[in-house]
Asks: 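What follows is a structure written as structure tokens; I'll ask about it next.
A, B, ... follow the sequence lines: proteins, then strands. Residue 1 opens every chain.
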Amino acid sequence: MTPRMFVFQLLGVLGLIVVLGLNIIIMDWWERKLIGHIHVRPGPMHTGFHGILQPFADMVKMLAKEDVVPTEADKLFFWAGPMIAVVPAFLAMVVLPLAPGFVLADIGHGLFFVFAMQTIMPFGFTLIGWAAHNKWSLVGGLRSAAQLISYEIPMLISALAVVMVAGSARLTDIVDAQATVWYVFKLPVAFALFLVTAVAEMNRTPFDMTEAESELVAGIHTEYAGMKFGLVMMAEYTAMLVGSWMIVLLFLGGWNLWPLPPSPLWVVLKVYLLQSFIVWLRGTYPRLRMDRIMELSWKYLIPAALANLLAVGVLVIVFKGF
Amino acid sequence: MIADHPRVGHVTTGGTTESIVLNMGPQHPSMHGVMHMQLELSGETVLAARPVIGYLHRGIEKLAEHRTYAQCMVLVDRLDYISQYSNEWAYCRAVEKLAAIEVAERAEWLRTLYAELVRITSHLLWWTSVGLDLGAFTPMIYAMLPRERIFDFFEATTGSRLMPNYLRFGGVKEDVEQAELDGIHDYLAVDYMKLLDDYDTLLSGNEIFISRQEGLARITTEQAVSWGVTGPMLRATGCPRDLRKDARYGVYDQLDWETQTDTRGDALARYTVRVKEMRESARIAMQCIERMPAGEVRTKVAKILKPPEGEVYVRHESTRGELGIYIVSDGTAKPYRFRVHSPAFMNVSALPHMLPGEHIANFFAIFGGADNVMAEIDR
Amino acid sequence: MPDSVPGGAYVVFFLLAAGAVGFSLAMLFSRNFVHSAAYLAAALLAFAGLNALLGATFLAMLQVFIYAGAVTVVVVFVVMMTRVGVADWRALLQPQSKLAAAVVVVFGIGLLNALAGFVPALASPKAPVTTRTIAELLLKEYAAPFEISSLILLAALIGAIYLAKEARQ
Amino acid sequence: MFGEGLVKGLGVTGKRMIGRGVCDMYPYKRRVLPPKSRIFLSMRATPDGMPKCQSCLTCQQTCPDHVIRIERDPEDRKRALSFTVDSGRCTFCGMCEEACPYDALVFTQDFERATFEKGTLTYRLIDAGIATESCVTASAEEQPVHASAEGGRDAG
Amino acid sequence: MDTYFTDLSALVLAGLGGLLFVSALYGAVRLLAPSRPYALKNQTYECGHDPLGQPWVPYRIQYYAFAIIFLIFDIETAFFYPVALAWRRLGPAALVEIAVFAGILLVGLLYAWKRGVLKWD
Amino acid sequence: MGLTDSAERPGFILSTVDALLRWGRSHSMWICNAGSACCSLEMLAAGGPRYDMDRFGTMVRASPRQSDILVIPGPITKKMAPVFTRVYNQMAEPRWVIAMGSCAITGGAFRESYSMTKGADTVLPVDVFVPGCPVRPEALIYALLLLRKKIQTTTTVGESHREPVYLPPVLPPEWTAEVDAFLGEGEVCAE
Amino acid sequence: MIPASWFLALGAIVFLIALFGFLTRRSLIQSLMCLELMLSSVNLTFVTFGRTVGDPAASGVTFALFAMVVGAAEIGVGLALVLVFFREGHANVTSDDLDILKG
Ligand code: SF4
Ligand code: SF4
Ligand code: SF4
């Protein structure tokens, strides 16, 4: 741990915060724009060029919006809940590489670390929902917690198939192993499972149980005003970024775009394409019912993921070069 | 006397330790207006539901007693603000029956046309809310497209997008230009049908949507009849009850159309019936335009109408079911008593029977399927 | 580690140690069980950090994954299914808590005494401890405990489900 | 096949995502509203500022919401001293326009009437016997329509 | 220790950075936002009504089943993870072992399924 | 207390912040979803493809906590008045109210009725009145732009907060008296 | 290099805190939480010992792994028991006078 290292890391963390902020700004605008176009309307238009300043305006407004704390709310977690939701998502970003070597902490268990961070999120959501002392929030929080914990397992198991084939959980290694053939082609089943579960982990339509606007007013953040609401949104957008980034790294070849030379640009491109796809899903589908969501995970996805894992295991043993 | 303050009592079933009593509405994104539902939940299962209405009670029935018959049209428009022409027509029919007024031939066709167009817009609005209740908000925006087109037609011909005040005793306010009619005919024939096909693919064919609607809150015809449920909700149980055919008004008997039914009786059936009706209504409207005779649109009626003493009740197939208008006249220029039998009210009162035992997420699918308009329930 | 700043590791250690002790105490003295669960999660996270500091990254992650993630969620669920907290601080305590305190003090003195005489240094592992070795250990040397642990888990699962089902009726 | 509907649904939204929007871009471009649409109650006036109202009070009696208040000139029963409209109460039903035997009332399509002050919603069409700027000036080619000449317009 | 430690310090730094960032936002809100709490405003929102009863009541016990199955399967995947990492080195015997391991736990899932606790209602 | 709360004479920084805040607030006006009657259909249409409020950054939020503007799209009946006041009170400051349609302005077509309040301004502090019945979507957008102008020109420095609005838990006696009068005499169209 | 004894001492302190809590807390839930904490501190001790002997076989970690399994199984069943007690009306899973929900 040299001082240079320390400064480097400090800068890296600052950079990540910028990425976090930039991502939410870009995605907020892009999502509204995209949904707008799906709805045959222009979306944000008159705040800056094609509404590009819209997220900034929202941000400024949220900063200057009163922070209502309900009398009966649990003061501590009403305040700390959004934090608990944001920080793990942010931490997960630390191990995600943009290019070989271009990563803050290229730890050997990068993949597992992301999942470990993701397990904290349901806890955060439960606390957010519980602290508000509001029935909608409570139901929303418990729902989202139940959903997140249910989808974590098939997600990890299908990711383990990748680990099995790549023989490493270091994300850079996994990407490098896809220099020619992306795992999406090698492991299509795992990819499909991972995609579905990742969308569920991001709490996006058709799995958007945290918000479930028509059912639970605004879900877990019913009581959260101003910046706290912004923070919850930030956590969700960051989770979306982390999730799509993971998919890109694990299955879509990361910075590889054969036959073009590898470049961090491809990662960014793929990540945002994927996020656009998720927004597109949101613009198309209704929401699944809660019990169907749970059933889907426990009755279909987990057995399927296990079967897939075993099948991949057999393949790896039988065909050494798989 | 306003006996009850909004802070109403609790749901009656005794709460266990696990149950939460939840106020749904009146300010709730998908309560379709200012409905208030008190739900008792155990976990996420509805144990008991109690609709609380009256948040939009504007006293229309009482106000009508202080207005002349012609002036009441304004109130009738706002009774069920989603299918205004149906209300106006029902009211006109009642008054015409009471005062024995002839209706001009062309006006009957125009009335039929408008009633069917408004049925389309109403069903489209319901379609938006069905999507919205299930978390898909694109249908909401898409349904706006044909709605806007039809509203354009309404505005160009009657002067208002929503509150037309167009029907008059003995006819309609003024004639419609042929160009406008042709325009809407072309739209219905081509673009509208295409849009509907697309929308069908978007929602009706969606497996998620089907899985959320199928088998939900299944009711039988007997149940529906005993709860007084009418309209598409009744037809979805397989009962071909349609006052347009049964009560014989307008020019429906001269047109080629069918009552849309579905035998399943569940939420999906209610959905299907309404979607089919959207197409059927367009067919009726197109036929109206094609076969509309020329002529006067209004017969001579006294400026201040004073119907003879007596009472009248007409039944009318509004978008939501059987709309009844009851008027008692005492021979003066103002109705002595004006009463509305609201289809939405009957449909909503069936909800407490249908809801218990359902998952809270299903609550909205069922609730939306009833297609209620609070303005009509509360009056 | 010639060019390393020794301070860094110490800072991290003290941060984490303070976190571990502080949050455990907070957990203990919180009257609201949801708070307790959250403090527990925080303390366990600190332990994860300590494990990582010792080089046991895999275990550290497991600590986050299983303890801070899964166990606390389960605890929070249960708290929400029962009662959230107690009104009075004294209601937290067992009647015979004085006795317990005495036991703990005696035990603690003994433990710390034993530790005081035992000051080993951290040795670097002779061969790098990779997670792969753990896997090999699990499947070869500890194969029996491995399968048995699955049986334990199964038993716990069935038992818990049975009990939860019982509790519902 | 399961999932077919899901894919097709994506197609429906995807098609529109790429296609053109239908937005009016309201404050920048304005849709021409149909002349019949009832948005702002106004009155026809001759170019020299004389309102066409003959102060017959029909509209005041017809209006279901008591929106119109007319002050008659005590000397000249055919002249209104003031004609006040409370657009905050108007339901834009068009009954007054329909009933006016002199075809004095007319609806314009000026909808930008939002205001900070409730009071400003009450405006005068005739003030001191003279048409205010809220009135529309009848163009030269528009023939004055007299009730006795036409007759049929208010046959209800 | 060193490589571990650089990674760990990055994570600790990031954690602190994240917390600081969020606190900074909170600070900005304190600085910029108006604040006027009063009783009615701070009352729990319930669709424009007086809140009825307490939200913090004991919740449905049967959801506990999900939590416990999750916990068990979480541990299972935690065991799978090193195995998957070392898979290429382990060979067919491992396959059997892991299949048995997963099989035993699947029995548990099956049990839960049959007991009907995998229903969210 | 907030930075912009107390300052008497804004310096450079403060005025910059003030300008920024005004810009932010005026460009991100979120509407509270509180549909009540016919006018809410036009509010829906204003969010629709043809009019699209979202162009101006106006979203419809379900929870009053996150919204800035309470649009009252329809009649406020006496039963509904406490609900609206509560929703208004539970909105986070700064907040504004738009009375949409004749009903919300004066009671409109139902003004004489026993069950109506005589306009939103009798229960809430209304900022913008939009006449119409129903209000055209364009007119609503116009009102929003008008309100935006107001927000832009109102300094946030030394912000004068709105007083809380309370509605008595029991109905005011004059309301009930009016009901009695209506039902008793049968003629209240005094005007 | 941080001395191993620091880790051991830390583990011991937390263990004692948790033990104290376990013995004195009336609420079963809190006792179980304390138990988790105890297990965690023991795990730390395992790992530290593993490091002090330079254990190449990583037995310390593996052992900790099995400890986790046992801990998880125990808390799963324990909490299920809490639920049963609670349902059977033994509100004194925590205490008798726990009617107030918020602390
Ligand atoms: S439009 Fe209707 S409400 Fe308005 S002034 Fe004329 S008659 Fe009265
Ligand atoms: S009806 Fe026409 S002429 Fe008569 S008072 Fe009204 S505006 Fe004037
Ligand atoms: S102003 Fe007119 S359209 Fe709007 S709510 Fe009132 S009656 Fe309905």
Asks: How far does CD of E138(F) sit from CD of Q109(D), to the nearest 0.5 angstrom?
Replies: 11.5 Å
Asks: Please give me the minimum heavy-atom distance between A114(D) and L146(F), naming the atom from each residue.
Replies: O-CD2, 3.4 Å
Asks: For a quick test of reading the model, state the closest non-hydrogen atom pair linking S102(F) to C90(D) and the distance between them.
Replies: OG-O, 2.6 Å
Asks: Work out which heavy atom in T91(D) is nearest to a heavy atom in G108(F); give both atom names and the distance.
Replies: CG2-C, 4.4 Å
Asks: Heavy atoms only: give me the nearest F92(D)-P131(F) pair and the separation to one decimal.
Replies: CE1-C, 4.5 Å
Asks: Step by step, work out the side-chain contact (heavy atoms from CB on, under 4.5 Å) result for V126(F) and K118(D).
Replies: CA-CA 9 Å; V126(F) 180; K118(D) 190 173 173 178; over 6 Å; no
Asks: Considering only heavy atoms, which portion of R136(F) lies under 4.5 Å from any heavy atom of chain D: side chain, backbone, both, or neither?
Replies: side chain
Asks: Need one label for L140(F): side chain, backbone, both or neither, based on atoms under 4.5 Å from any heavy atom in chain D.
Replies: neither
Asks: Step by step, would you call H66(D) with E112(F) a side-chain contact (heavy atoms from CB on, under 4.5 Å)?
Replies: CA-CA 10 Å; H66(D) 318 287; E112(F) 291 107 22; 2.9 Å; yes
Asks: Do you know which two heavy atoms are closest between F129(F) and F116(D), and how far apart they sit?
Replies: CE1-O, 3.6 Å
